[in-house]
Each structure stands twice: as C-alpha cells, then as structure tokens.
Amino acid sequence: MVGWFSRMVVAMTIRMPRWFVGWVSRRYVAGPKLDDAVKVMKRLANEGACFTIDVLGEEISSMDEADFFLEEYKRVLNAIIENNLDSNLSIKPTAFGILLDREKGMENIETIVGLAKSHDMFVRLDMEDHRVTDDTIQVMLDMHEKGLTNVGVVLQGRLFRSLDDIESITEKIGSAADYRICKGIYLEPESIAYTQRNDIIEATNKCIDAMLDSGAYVGVASHDYPVINHTLKALEERNMGPSKADPRKNAASPRKQKGPGYEFQMLLGVRGPLRRKLCKEGHTTRIYIPYGEKWYEYSIRRLKENPTIGTQVAKAFLLPWTNRP
Ligand code: FDA
C-alpha cells in the first residue's frame with residue numbers, strides 16, 4: 001500500500017508551479033535538449049559509465065507525433081556517433097505509433113532499429129503498462145525475424161506472467177534474447193501482479209535467475225540492495241563476473257559495447273555512490289538518460305503512475321547523503 005507521506009508529496013508536487021517541478025526533476029532529467037543529454041553523458045563517462053538515451057514524451061495521439069520521435073531518435077543516433085559516446089537507444093513502441101497505426105508504427109521502429117544496426121548499436125524497447133506487454137514483446141520478435149537482432153525488451157518482475165514470457169521468448173530466439181529486467185514502475189492490478197515489496201523483489205530475482213540460465217544477455221535495472229546483492233550472488237554461482245569471458249555454454253557470442261553476459265543499469269540521479277562502486281569493481285554500469293521538452297509532463301506522469309516515487313524524491317532531497325546523484 002502506498003503510504004500517506006508518499007501520497008502527500010505527490011499531491012503537493014503536482015500542484016506546485018512548473019519551476020518547482022523543474023527544480024525537483026533536474027536531478028533525474030538531463031534537460032530539454034539533446035545537447036543537454038550529450039553534456040551529461042560526457043561528464044559521467046569519466047566515471048566509467050555507459051548510457052542509454054530516452055527521448056521524453058507522452059502518449060501520442062497522432063502519427064505526426066510518431067514522426068517527431070523517429071526524427072529525434074535519428075538525431076540522437078547521430079549525436080552518439082559524432083561524440084563517440086558509449087550509448088544505445090531506449091524507445092517506446094507506442095511513441096512510434098504502434099497503437100495508432102500498427103503498420104506505420106512497425107515501419108518507424110524498423111527504420112530506427114535498422115539504422116542503429118548499421119552502426120552496430122543496440123535498441124531497447126522500454127516496457128509500459130500491461131496493456132502493451134504482448135505488443136512490445138511481439139515487436140521485438142518481429143524485428144528478430146527480420147534479422148534485426150540488435151533489439152531487446154524489458155520485462156517487469158512484478159507481473160505474474162514474466163517467467164512464462166522468458167520461457168516463450170527463449171523457445172523462439174534462444175540466447176539472442178537481450179533483456180532489461182526491472183521491478184516495473186506501473187502499479188498493476190492484484191489480479192496480474194505482485195503488489196507487496198518482498199514479493200516483487202523475490203519475483204524479480206527469479207526472473208534474473210531464469211534469464212541468466214537461458215543464456216540471454218541480462219541488464220539488471222534496479223537500485224535496490226536485495227536485487228543487486230542477489231544478482232551478484234547469482235553471477236558468482238555461474239562463474240560470471242567482471243573481466244571474465246561469459247562462461248555459459250548456451251550464451252550468444254559477446255556483444256559490442258556490452259558486458260560479459262550482463263550489466264547493471266540505473267536511472268540518472270539515483271544512487272550514484274552504489275553505481276560508482278559497481279563500476280569500480282569492474283561491472284558494466286549503464287545510466288538511463290532521459291531528456292526532452294516534455295520533462296514537465298514526464299515528471300508529473302511518473303509521480304501519478306507510482307506515488308511511492310514521492311517518498312524517494314522527498315528522501316533524496318531531505319536526506320541527500322542517502323542517495324547522491
Ligand atoms: P526501489 O524502488 O525499492 O528503490 C530502491 C532505492 O533506490 C530507493 O529506496 C531509493 O533510495 C532509490 N530510488 C529508486 N528510484 C528512485 C527515484 N526515482 N528517485 C530517487 N530515489 C530512487 N520500469 C518499467 O516499468 N519499464 C521500464 O522500461 C523501465 N525501465 C527502467 C530502466 C532503468 C535503467 C531503471 C533503473 C529502471 C527502469 N524502470 C522501468 C523502473 C523500475 O521498474 C523501478 O520502478 C525503479 O527502478 C525502482 O525500483 P528499484 O528496483 O530501484 O527499487
């Protein structure tokens with residue numbers, strides 16, 4: 001259950017003036033422009049991190065907006081190459097139009113994934129709420145069928161279905177699968193998802209084990225110690241780790257700009273000391289860099305989607321030493 005404090009922070013923040021929300025979100029969003037994202041990445045590259053870039057946007061209502069995302073991601077791709085950044089792309093299939101016009105939406109996604117492939121770059125399909133889980137997985141499978149294997153999905157540990165999804169994806173594409181596993185930001189109904197913190201952690205950890213055992217590439221996206229510590233133990237049990245070739249017999253060959261079968265992923269502005277510690281120990285650590293003109297809408301939507309973020313944001317500001325960027 002979401003606590004009263006969290007609800008209060010969210011209720012207060014969404015009523016605050018735009019400048020205040022901007023001040024709060026400045027830690028989590030690189031800025032409104034692509035140049036802002038490039039600057040942040042250049043700075044954080046000194047810490048040994050690599051990146052994935054997300055162009056912020058709301059649910060689109062016309063295919064013109066999908067065209068905007070396609071063009072903006074082309075600019076992102078060019079900026080990554082021109083600035084020699086170790087980064088890939090994170091896209092939302094809905095922003096490319098798959099729910100409005102499936103054929104054109106798929107064409108848009110194919111264009112950006114194809115362009116990325118020609119530069120040996122990976123594309124992650126972010127996962128939205130349960131209404132688009134099937135579609136998102138299907139987009140990834142369709143791309144693989146077309147030979148565009150530089151694309152992978154996100155699965156959410158909180159959803160009951162995720163272990164079955166891993167099994168069915170493994171049956172279809174084997175170790176060519178490349179996952180991001182996270183708890184899931186969307187507060188899904190009890191009929192389809194775990195809702196208690198410990199259950200969510202346990203379910204997420206089971207997914208991590210299943211993904212590792214399937215031979216897939218696994219990006220563990222969490223700032224939570226029980227998930228990270230479980231991952232470290234799971235890696236050790238499989239003789240996996242930094243600076244070691246991936247020993248799994250069923251693993252795919254090493255991927256360019258990726259870790260040895262796994263990596264850690266964190267959001268910009270969250271738990272920097274932990275990220276730097278993992279990086280120092282030699283683990284590949286990727287930072288999710290959101291930027292865009294829609295930073296205000298994005299911040300408000302995330303707060304409304306998951307009011308527990310309210311507590312984390314408040315904690316980050318009131319007790320900054322517990323969660324430095
Ligand atoms: P938890 O929420 O328990 O956080 C652990 C600690 O980390 C908190 O106590 C706090 O200190 C800190 N923290 C976490 N989030 C914070 C925040 N926003 N502000 C301040 N402190 C914070 N979800 C999804 O549904 N689809 C997706 O595609 C993705 N993609 C994605 C990419 C990456 C790189 C990450 C790291 C996360 C996602 N997520 C996501 C979000 C994910 O599902 C989850 O909601 C958050 O990561 C928070 O869960 P944790 O495992 O970090 O634990």
Side-chain angles (χ1 to χ4, degrees), residues 2-3 5-6 9-10 13 24-29 44 49-54 56 87-95 123-133 136-137 139-140 152-159 162 179-188 193-205 207-208 218-231 263-275 278 284-290 298-299 301-303 305-325:
V2 174
F5 179 69
S6 213
V9 172
V10 171
T13 309
V24 171
S25 65
R26 158 178 90 148
R27 170 196 183 110
Y28 306 106
V29 176
L44 292 173
C50 54
F51 309 97
T52 187
I53 308 184
D54 166 51
L56 294 174
S87 180
N88 59 42
L89 309 175
S90 281
I91 69 170
K92 292 184 177 54
T94 55
V123 180
R124 175 73 61 201
L125 305 181
D126 281 347
M127 188 59 86
E128 297 168 86
D129 70 65
H130 71 273
R131 291 169 302 171
V132 292
T133 312
T136 309
I137 292 174
V139 169
M140 181 275 290
V153 274
V154 179
L155 294 185
Q156 297 151 324
R158 73 167 66 227
L159 291 187
S162 289
Y179 298 106
R180 174 192 297 155
I181 171 73
C182 60
K183 290 181 185 169
I185 187 96
Y186 304 90
L187 297 182
E188 302 286 12
Y194 297 100
T195 54
Q196 300 299 312
R197 178 178 152 78
N198 284 342
D199 296 339
I200 295 171
I201 291 172
E202 198 183 318
T204 304
N205 288 345
C207 288
I208 293 169
V218 188
V220 176
S222 174
H223 320 88
D224 204 16
Y225 285 103
V227 175
I228 290 173
N229 289 337
H230 173 87
T231 306
E263 63 186 40
F264 288 100
Q265 302 185 351
M266 298 201 187
L267 300 174
L268 177 66
V270 180
R271 290 223 156 141
L274 175 59
R275 189 189 73 231
L278 290 168
T284 301
T285 55
R286 189 173 302 281
I287 310 177
Y288 188 94
I289 309 279
Y298 168 82
S299 308
R301 181 167 60 90
R302 286 235 134 172
L303 278 169
E305 265 161 12
N306 188 347
T308 58
I309 294 174
T311 319
Q312 293 169 2
V313 170
K315 199 174 121 205
F317 281 86
L318 299 175
L319 309 170
W321 57 90
T322 63
N323 186 17
R324 293 199 308 277

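In what follows, residues are counted from 1 in the order of the sequence shown. Each ligand, and each atom within it, is numbered from 1 in the order the structure gives.
Closest heavy-atom approach to atom 5 (C) of ligand 1 within the set Ile201, Val220, Asp224, Val154: this belongs to Asp224. The option from Lys183, His223, Glu128 that lies nearest to atom 53 (O) of ligand 1, judged by heavy atoms, is Lys183.
The shortest N or O to N or O distance between Tyr186 and ligand 1 is not below 3.5 Å. For ligand 1, none of its N or O atoms has an N or O atom of Met266 under 3.5 Å away.
The ligand atoms of ligand 1 that sit less than 4.0 angstrom from a heavy atom of Tyr28 are 19 (N), 20 (C). Here is the list of ligand 1 atoms found below 4.0 Å of a heavy atom in Arg197: 3 (O). Those atoms of ligand 1 with a heavy atom of Leu267 less than 4.0 angstrom away are 33 (C), 35 (C), 36 (C), 37 (C). Less than 4.0 angstrom separates some heavy atom of Tyr288 from each of these atoms of ligand 1: 32 (C), 34 (C). Using a 4.0 Å cut-off to heavy atoms of Ile185, the atoms of ligand 1 that qualify are 23 (N), 24 (C), 25 (O), 43 (O), 45 (O). Ligand-side atoms of ligand 1 in range of Ser222: 50 (P), 51 (O), 52 (O), range being under 4.0 angstrom from any heavy atom.
Taking 4.0 Å as the cut-off between side-chain N and carboxylate O, Asp126 and Arg180 count as a salt-bridged pair. Taking 4.0 Å as the cut-off between side-chain N and carboxylate O, Asp199 and Arg158 do not count as a salt-bridged pair.
Remark: Phe51 pairs with no residue by the ring pair (Phe, Tyr, Trp, His ring centres under 6.0 Å) rule, at least two apart or across chains. Qualifying ring pair (Phe, Tyr, Trp, His ring centres under 6.0 Å) partners for Tyr288, counting only residues two or more places apart in sequence or in other chains: none.
Between the side chains of Ser162 and Gln156, no donor-acceptor pair of N or O atoms lies under 3.5 Å. Between the side chains of Ser87 and Arg286, no donor-acceptor pair is found at a separation under 3.5 Å.
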